[in-house]
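Counting starts at 1 for both ligands and their atoms, in listed order.
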Amino acid sequence: MKTNMKSLVAAVSLSVGGVYGWGATGHQAVGYVAMQFLSPKALSFVQTSLGSTYSQSLGPAATWADEVKSSAAYAWSSELHWVDAEDNPPTSCSVSESRDCANGKCILTAIANYTTRVVDTGLSATQRQEALKFLDHFIGDIGQPLHVEAIKTGGNDISVKCSGSTSNLHSVWDSGLINKLISANYSNSVTTWANTLATRIKTGQYASLAASWISCSSTTAAATRRSMEEDVSGLLRPRAITPLKCPLIWAQDSNKLDCSFVFSYTTGTDLCTSSYYTNAVPIIETQIAKQGFRLAAWLNVLFDGATNLP
Ligand SMILES: *[C@@H]1O[C@H](CO)[C@@H](O)[C@H](O)[C@H]1NC(C)=O
Ligand SMILES: *[C@@H]1O[C@H](CO)[C@@H](O)[C@H](O)[C@H]1NC(C)=O
Ligand SMILES: [Zn+2]
């Protein structure tokens, strides 16, 4: 029987927190990238809702969901940070909402729930801020390949080396590779990193890809292509937590990396000092940029009615 992330959470003490999404840096970078693409009403809501506590920015607010999940009051939210795809990488990769989120408690349903709540004017400002912080965080996590993978507890049970230290595959993807990258190339500054990624989206190597990132189409299911606008209006009228196409496409997109790259190392190699690092960096940078862009587009559809992006 496969262990999965759910059983890990039950097994470890919640107070020490065994499972993280992208580490703080990855999450903040997603939020800072998104800030550069918000349309007027989305930006206004974000600034007012987050206020001075979060410097009016999705960057600092992106880590809140990881900070609270180990507290008793938010223990229920810890299983919302992932979906346990019961596939078989690297041989076959897939995400199925009915198979992998049967109890309705996973990152897919969480994104649907907080999408309805962030624009629900019947909720308090505090509840809507909470919904925004969850979206800020979960739209980041869903881009981390090992957050959409059940095998070996999403890689938590796979021991690997990173820069000479013993770590695990999940943690190396959350933070080991990113920490080395921003220290080596971005003066340890998450805003420098995020600005670089945003510039690549606007005028650089990602510019030709950005439209496809927010089209909610998948290469394997072109027939089921659906726009973000259609996805969101289907969810909000009537307001109900129905399966959403876009988050599933995002999950499938990152889950594919579990077959194409994540497990492609030779046992014993140091993942942070070998060619694995060099090859992982462009993947991680693309995933962070992509999720930041998707977060902005999603909020733009919710508050301004269209993705409204370059
Ligand atoms: C939606 O979010 C609210 C607030 O966090 C939570 O109480 C509720 O259980 C969630 N609903 C579902 C179906 O996840
Ligand atoms: C990081 O810096 C190294 C050394 O200067 C360079 O070779 C590499 O291309 C840089 N990588 C990125 C992603 O900027
Ligand atoms: Zn998380």
Side-chain angles (χ1 to χ4, degrees), residues 5 8-9 17-31 61-70 73-83 97 101-120 122-124 126-144 146-148 154 156 170-171 173-175 177-178 180-189 192-193 195-197 199-200 204-206 235 239-244 247 254 272-273 275 277-289 291:
M5 306 253 297
L8 179 80
V9 162
V19 186
Y20 287 94
W22 295 115
T25 305
H27 277 292
Q28 287 162 3
V30 166
T63 56
W64 171 84
D66 269 343
E67 287 150 18
V68 297
K69 73 184 179 191
S70 52
Y74 279 94
W76 54 269
S77 70
S78 61
E79 65 187 321
L80 304 179
H81 293 243
W82 65 78
V83 56
E97 186 153 359
C101 192
N103 70 356
K105 290 179 184 170
C106 73
I107 195 165
L108 303 172
T109 48
I111 290 174
N113 189 24
Y114 295 108
T115 296
T116 71
R117 292 175 67 87
V118 78
V119 289
D120 186 344
L123 297 179
S124 70
T126 305
Q127 289 171 311
R128 292 180 71 191
Q129 187 206 63
E130 178 188 275
L132 179 64
K133 290 185 292 187
F134 274 131
L135 286 178
D136 187 5
H137 185 87
F138 295 148
I139 293 180
D141 272 346
I142 204 168
Q144 209 277 48
L146 292 169
H147 271 249
V148 290
N156 275 284
H170 188 100
S171 168
W173 273 83
D174 274 350
S175 49
L177 297 161
I178 287 178
K180 176 168 174 185
L181 174 67
I182 79 149
S183 145
N185 291 62
Y186 300 103
S187 322
N188 250 332
S189 162
T192 302
W193 187 32
N195 288 341
T196 303
L197 297 178
T199 302
R200 284 186 204 163
Q205 65 194 89
Y206 301 147
L235 178 75
R239 198 179 294 280
I241 303 168
T242 51
L244 286 172
S254 28
C272 301
T273 57
S275 61
Y277 169 78
T278 321
N279 293 325
V281 162
I283 294 174
I284 289 173
E285 294 205 297
T286 303
Q287 290 306 101
I288 297 289
Q291 294 314 123

Is there a side-chain contact between Val83 and Glu97 in this structure, where contact means two heavy atoms from C-beta onward sitting under 4.5 Å apart? no
Please find the N/O/S atom of His81 nearest to the Zn ion (ligand 3) and write down its name. ND1
Using a 3.5 Å cut-off on N/O to N/O, what pairs does ligand 2 make with the protein? A line per pair would be great.
residue: ligand 2; atom: 2 (O); partner: Asn185; partner atom: OD1; Å: 3.3
residue: ligand 2; atom: 2 (O); partner: Asn185; partner atom: ND2; Å: 2.4
residue: ligand 2; atom: 11 (N); partner: Asn185; partner atom: ND2; Å: 2.7
residue: ligand 2; atom: 14 (O); partner: Asn185; partner atom: ND2; Å: 3.0

Centroid separation under 6.0 Å, is that true for the rings of Trp64 and Tyr74? yes
What residues, two or more places apart in sequence or in another chain, satisfy ring pair (Phe, Tyr, Trp, His ring centres under 6.0 Å) together with Tyr114? Phe134
Contacts of type side-chain contact (heavy atoms from CB on, under 4.5 Å), residue Val30, not counting sequence neighbours: Ile288, Gln291, Leu295
Atoms of ligand 1 under 4.0 Å from any heavy atom of Glu130, numbered from 1 in the order shown, are 4 (C), 5 (O)
When rounded to the nearest 0.5 Å, the distance separating CD1 of Ile107 from NE2 of His137 is 7.5 Å
Between His27 and Asp141, is any side-chain donor less than 3.5 angstrom from a side-chain acceptor? yes
Taking both backbone and side-chain atoms into account, decide whether His147 has an N/O/S atom under 2.8 Å from the Zn ion (ligand 3). no
I'd like to check whether Trp76 has a polar contact with ligand 1, where a contact means an N/O of the residue lying under 3.5 Å from an N/O of the ligand. no
Please name the atom of Asp141, limited to N, O or S, that comes nearest to the Zn ion (ligand 3). OD2
Show which atoms of ligand 1 fall inside a sub-4.0 Å distance from at least one heavy-atom site of Tyr114. 2 (O), 3 (C), 4 (C), 5 (O)
Taking heavy atoms and a distance under 4.0 Å, where does Gln127 meet ligand 1: side chain, backbone, both or neither? neither
Do Leu135 and Ile111 make a side-chain contact, defined as non-hydrogen atoms from C-beta onward lying under 4.5 Å apart? yes
Find out whether Ile142 and Trp82 are in side-chain contact, i.e. whether some heavy atom of one side chain is under 4.5 Å from a heavy atom of the other. no
Gln28 and Trp22: side-chain donor and acceptor closer than 3.5 Å? no
Ligand 1 versus Lys105, non-hydrogen atoms closer than 4.0 Å: side chain, backbone, both, neither? neither
Residues passing the side-chain contact (heavy atoms from CB on, under 4.5 Å) test with Ala289, sequence neighbours excluded, are Leu197, Ile201, Tyr206, Trp213
